[in-house]
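Here is the structure we will look at.
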Amino acid sequence: QCYNYWGYKSSTNPTSGGYACFSSAQEAVKTVAKRLEKLTIEQKKDSPSKMVTTWKCGSSCQTHSPESVSKWVSDVSKYYYKINPEKETAKNQPY
């Protein structure tokens, strides 16, 4: 059991596919939360569509199919906006 619920890749005890293998759910949540904090606060990537390159693709999504990128954004959005409902409202505003 690796407790990697997010498909998080890192050098932390990696699996053969490069995914992090955490020793506990607490370690996993803490690590992923720190990464999200860095993305959203420091890098201003405050939506799944802004995070996809960093989180899913690495430096570029060119080697990923458009369908896989869209699916990732859609899947992550489902949960991201449940825990950040104010951001979904703002996302839909025609500014």
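Nothing fancy with the numbering, it's 1 onward along the sequence.
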*So Tyr3 and Cys21, side chain to side chain contact (heavy atoms under 4.5 Å, CB included) or not? Walk me through it.*
CA-CA 7 Å; Tyr3 304 98; Cys21 191; over 6 Å; no
Check whether any side-chain heavy atom of [X] sits under 4.5 Å from a side-chain heavy atom of [Y], and report yes or no.
X: Ser59; Y: Thr53; result: no
X: Ile83; Y: Tyr79; result: no
X: Glu67; Y: Ser70; result: no
X: Thr31; Y: Arg35; result: no
X: Pro48; Y: Trp55; result: no
X: Met51; Y: Leu36; result: yes

*Under the side chain to side chain contact (heavy atoms under 4.5 Å, CB included) criterion, do Val29 and Trp6 qualify, and how do the steps go?*
CA-CA 10 Å; Val29 169; Trp6 305 276; 3.8 Å; yes
*Name all residues meeting the side chain to side chain donor-acceptor pair (under 3.5 Å) criterion together with Lys56; count only those two or more places apart in sequence or in a different chain, and write none if there are none.*
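None.
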*Answer yes if Tyr19 and Val52 sit in the same cluster of Ile, Leu, Val, Met, Phe, Trp and Tyr residues linked by side chain heavy atoms under 4.5 Å apart, and no otherwise.*
no
*Please report the C-alpha distance between Tyr80 and Asp46 in whole Å, then the side-chain angles of each, then the deciding distance to 0.1 Å, and finally whether the side chain to side chain contact (heavy atoms under 4.5 Å, CB included) criterion is met.*
CA-CA 10 Å; Tyr80 182 84; Asp46 58 356; 4.2 Å; yes
*Give, for atom CG of Leu39 and atom CD of Glu42, the distance between the pair rounded to the nearest 0.5 Å.*
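Separation between the atoms: 9.0 Å.
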Short question: side chain of [X], backbone of [Y] - any donor-acceptor pair under 3.5 Å?
X: Glu27; Y: Ser23; value: yes
X: Ser77; Y: Val73; value: yes
X: Asn4; Y: Ala20; value: yes

_Closest heavy-atom pair and its distance - Ala28, Phe22_ = CB-CD1, 3.4 Å
*More than 12 foreign heavy atoms under 6.0 Å from CD of Gln62: is that the case here?*
no
*Can you find a side-chain donor-acceptor pair between Lys45 and Thr40 that sits under 3.5 Å?*
no
